[in-house]
Number of protein chains: 2
Amino acid sequence: MISSNIVHEIRAFNRFYTNVIAVLDQDVLKSNFSLAEARVLFEIERLQPCSARKIMEVIIIDEGYLSRIVKKLVAKNYITKIRSDHDKRLYLLKLSASGVRQMRRLDELANQATFGLIERLTADQTKTLLENMQHIQNLLNFKT
Amino acid sequence: MISSNIVHEIRAFNRFYTNVIAVLDQDVLKSNFSLAEARVLFEIERLQPCSARKIMEVIIIDEGYLSRIVKKLVAKNYITKIRSDHDKRLYLLKLSASGVRQMRRLDELANQATFGLIERLTADQTKTLLENMQHIQNLLNFKT
DNA sequence: TCTTTTTACTTGATTTTGTCAAGTAATTTA
DNA sequence: TAAATTACTTGACAAAATCAAGTAAAAAGA
């Protein structure tokens, strides 16, 4: 049944992990990027050159909101936005040189925050943690 | 080193799980409570009778913002707020009868959303998922 | 004591963040 | 080639969150 123990334990994990993520996010916010901006930048870094549409396949975000974030990042010269020759409805996004520098900063912040999670674990524990995470990712990899 | 593979894989999991939680949250938002309100209600349910201060020990939230959320929940008669006799600076919060009903609805929504995560898994896979989650929780528990 | 500091909460003003719906233009489909 | 779909933009809002200044009570320090 829906209110089974299993569901409750998953919810307990979700509450727990929501806090884990919230703590990590606190640190990333020190970068002067909003969470949404940071996530968009991370995805552009990973997927570049990519369209806004492509980003929306990966993170849940309103189309108009994303459009404005992209506009802002272009205005600040952290990304470039060039109309695709192949399909003129889309614009290809890439980090600019300055964006690459920003990402190094952001990346270092996120790495440090994440490292804080595991610094007290032994090598074995860390390995186990990772395996568990990857296992969960495989089990839930649904792409809702 | 801080930018090790391990940190990167943990970050990949965090990105992934951020989306999982976002998908579940979408459903909870159908309750007409904001995420912040839902979390506050959830903590009041767990901790009642409790002060706003007590809630702030558990969730990361601005004091003024919380004060307004409490005000709104009182106005809608989902919680009661009674000045403490022992310490007149604080107010004890509890779910009202109507709040209890709301929480049952909220709970059912959250259960259904969570069930959606696992409905396609076999019993064995679900069991493994849960074990992985509990293992992660145990490994990271000292923090956050 | 009393007076200074800390704690709990509130409120006004504002900013930031996110949503909705309507609109343009390019591409695909029937 | 008309209709539908896709990619993106924009204006108008609404919701969410922050900041700082304020009140009142309690605790701590002299």
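In what follows, chains carry the letters A, B, and so on, assigned in the order in which the sequence lines appear, proteins first and then strands, with residues in each chain numbered from 1.
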Round to a whole Å and report the spacing from [atom1] of [X] to [atom2] of [N].
{"X": "B:M56", "N": "C:dT7", "atom1": "CE", "atom2": "C1'", "value": "11 Å"}
{"X": "A:L90", "N": "D:dC8", "atom1": "CG", "atom2": "C1'", "value": "9 Å"}
{"X": "A:K30", "N": "D:dT18", "atom1": "NZ", "atom2": "P", "value": "14 Å"}
{"X": "B:K54", "N": "C:dT7", "atom1": "NZ", "atom2": "P", "value": "15 Å"}

How many angstroms lie between [atom1] in [X] and [atom2] in [Y], if you round to the nearest 0.5 Å?
{"X": "B:M103", "Y": "B:R46", "atom1": "CE", "atom2": "CZ", "result": "10.5 Å"}
{"X": "A:M133", "Y": "B:E9", "atom1": "CE", "atom2": "CD", "result": "10.5 Å"}
{"X": "B:R53", "Y": "B:L90", "atom1": "CZ", "atom2": "CG", "result": "9.0 Å"}
{"X": "A:I55", "Y": "A:C50", "atom1": "CD1", "atom2": "SG", "result": "4.0 Å"}

Problem - Neighbours of DNA chain C within residues 32-41 of chain A, by heavy-atom distance under 4.0 Å - result: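 By residue number: A:S34, A:A36.
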Handout entry: Under 3.5 Å: donor-acceptor pair, side chain of B:T128, backbone of B:D124
Key =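 Flag set: sc B:T128 to bb B:D124 pair under 3.5 Å.
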Practice task
Could you tell me whether a side-chain N or O of B:Q112 sits under 3.5 Å from a main-chain N or O of B:L109, the two making a donor and an acceptor?
Solution key: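 No; judged by distance alone, with no hydrogens or angles, the pair does not exist.
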Collect all protein-nucleotide pairs involving nucleotides 1-4 of chain D in which both atoms are nitrogen or oxygen and the distance is under 3.5 Å.
none

Problem - Sorted by number, the residues of residues 79-88 of chain A with heavy-atom contact under 4.0 Å to DNA chain D - result: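 Residues of residues 79-88 of chain A that come under 4.0 Å of DNA chain D are, in numerical order, A:K81.
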Handout entry: Close residues, residues 58-74 of chain B, relative to DNA chain D [heavy-atom separation under 4.0 Å]
Key =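 Under 4.0 Å from DNA chain D: B:D62, B:Y65, B:R68.
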Exercise for the section: Kindly write out the residues that satisfy ring-ring contact (aromatic ring centres under 6.0 Å, His included) with B:Y17, not counting sequence neighbours, or none if the list is empty. Expected result: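 For B:Y17, the residues satisfying ring-ring contact (aromatic ring centres under 6.0 Å, His included) (neighbours in sequence not counted) are A:F13, A:Y17, B:F13.
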Presence of salt bridge, [Y] and [X], under 4.0 angstrom:
{"X": "A:R105", "Y": "A:E108", "answer": "no"}
{"X": "B:D27", "Y": "B:K30", "answer": "yes"}
{"X": "B:E43", "Y": "B:R39", "answer": "no"}

Exercise for the section: Check whether any side-chain heavy atom of B:F115 sits under 4.5 Å from a side-chain heavy atom of A:I6, and report yes or no. Expected result: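 With C-beta onward as the side chain, the pair stays apart.
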Handout entry: All pairs passing side chain to side chain donor-acceptor pair (under 3.5 Å) where residues 83-99 of chain B contributes a residue, at least two apart
Key =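 As it turns out, the side chain to side chain donor-acceptor pair (under 3.5 Å) pairs with a partner in residues 83-99 of chain B, which skip direct neighbours, are B:D87-B:R89.
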Problem - Passing candidate, side chain to side chain contact (heavy atoms under 4.5 Å, CB included) with A:F33, options A:I69, A:V28, A:L41 - result: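 Result: among A:I69, A:V28, A:L41, A:L41 is the only option passing the side chain to side chain contact (heavy atoms under 4.5 Å, CB included) with A:F33.
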Handout entry: D:dA7 OP1/OP2 closer than 4.0 Å to side-chain N/O of A:R53
Key =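 Answer yes for this pair, as a side-chain N or O of A:R53 is under 4.0 Å from OP1 or OP2.
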